[in-house]
Amino acid sequence: MMKLPHHVLLMTLLLDGGTHPAPSGTAPGDGGIPASSVVAANADGGTTPRAPLVAEGIEWPEDLRPLATLDGPAILAAHAALQRLLASFPKEYAKDCSYTARAMEVSVAQHGGLYFVQINRRVEKCGWAAPGFNPSAHWYELYAVSPEGKVLARYPYHP
């Protein structure tokens, strides 16, 4: 391999001019044509981002980031336990957000062929409480559920 003297390398870098300045609306080398926002956003020569896909009034994301990946029986178990809990609340609480599915956080674990579903109340999801606020500090529900979605038992705990 041929070694170049340092001054040749330095001259090559100086002639290159370094990085290009940020576009300012018009570029002098292009005849004064205004630079489009796509060109300004992609000055690195990369691909332009695609327009969002909107179908049936929904903007569909290009990349999804799942909250969790659950198998079908785990979803059945979570749904069955949540339905059982919501049905246990008095009817007059139905309009109170803190007693709806919106305020519930569901965790699913598997052990010995059964699913164990823990439900915690998160009233901050209703918009009126500060994050971390819980009117009943030790409130949770725990259910044992079959893979077919049948609630077998509620953990014997009363806060």
Side-chain angles (χ1 to χ4, degrees), residues 19-27 29-159:
T19 61
H20 297 286
S24 61
T26 60
D30 67 358
I33 300 171
S36 71
S37 61
V38 173
V39 172
N42 295 309
D44 64 352
T47 60
T48 59
R50 73 170 180 88
L53 175 64
V54 178
E56 299 182 36
I58 304 290
E59 182 177 329
W60 296 90
E62 187 173 327
D63 294 320
L64 289 176
R65 294 190 179 119
L67 298 173
T69 301
L70 300 174
D71 59 7
I75 293 170
L76 288 174
H79 181 262
L82 186 59
Q83 291 300 317
R84 174 110 174 248
L85 172 66
L86 296 175
S88 73
F89 293 140
K91 300 290 182 216
E92 56 268 12
Y93 291 2
K95 292 183 181 181
D96 184 351
C97 174
S98 56
Y99 292 95
T100 65
R102 180 177 178 187
M104 302 300 158
E105 179 180 74
V106 180
S107 300
V108 181
Q110 187 177 19
H111 178 75
L114 295 177
Y115 289 93
F116 292 88
V117 180
Q118 181 175 339
I119 304 173
N120 296 314
R121 199 164 91 180
R122 302 282 305 271
V123 294
E124 72 266 11
K125 295 188 179 222
C126 293
W128 59 266
F133 172 76
N134 191 350
S136 183
H138 300 291
W139 189 97
Y140 73 92
E141 291 284 320
L142 183 61
Y143 296 95
V145 185
S146 74
E148 295 78 32
K150 182 178 180 197
V151 177
L152 302 174
R154 176 184 176 270
Y155 183 73
Y157 169 78
H158 299 285

**Atom of C126, atom of R102 and distance for their closest heavy-atom approach** = O-NH2, 4.2 Å
Side-chain donor-acceptor pairs of residues 73-82 under 3.5 Å, sequence neighbours excluded:
none

**Request:** Could you grab the distance from atom CE of M104 to atom OG of S98, nearest 0.5 Å is fine?
**Result:** 7.0 Å
**Complete:** To the nearest 0.5 Å, atom CD of Q118 lies from atom CD of E105 at 9.0 Å
**Item:** Considering all heavy atoms, the nearest A144-F116 contact
**Value:** CB-CE2, 3.8 Å
**Message:** Donor-acceptor pair, distance only, cut-off 3.5 Å: does the side chain of R121 make one with the backbone of A103?
**Reply:** no
N/O donor to acceptor pairs below 3.5 angstrom from side-chain atoms of residues 54-70, sequence neighbours left out:
{"unit_1": "W60", "atom_1": "NE1", "unit_2": "A55", "atom_2": "O", "d": "3.3"}
{"unit_1": "W60", "atom_1": "NE1", "unit_2": "I58", "atom_2": "O", "d": "3.4"}
{"unit_1": "E62", "atom_1": "OE1", "unit_2": "R50", "atom_2": "NE", "d": "3.4"}

**Request:** Of all the heavy-atom pairs spanning L86 and T100, show the shortest one and how long it is.
**Result:** CD2-C, 3.8 Å
**Request:** Look at atom OH of Y93 and say whether more than 12 heavy atoms of other residues, nucleotides or ligands are closer to it than 6.0 Å.
**Result:** no
**Message:** If I take atom NZ from residue K150 and atom OH from residue Y143, how far apart are they, to the nearest 0.5 angstrom?
**Reply:** 15.5 Å
**Request:** For the pair Y140 and Y155, evaluate side chain to side chain contact (heavy atoms under 4.5 Å, CB included) and give the outcome as yes or no after the intermediate values.
**Result:** CA-CA 10 Å; Y140 73 92; Y155 183 73; 3.6 Å; yes
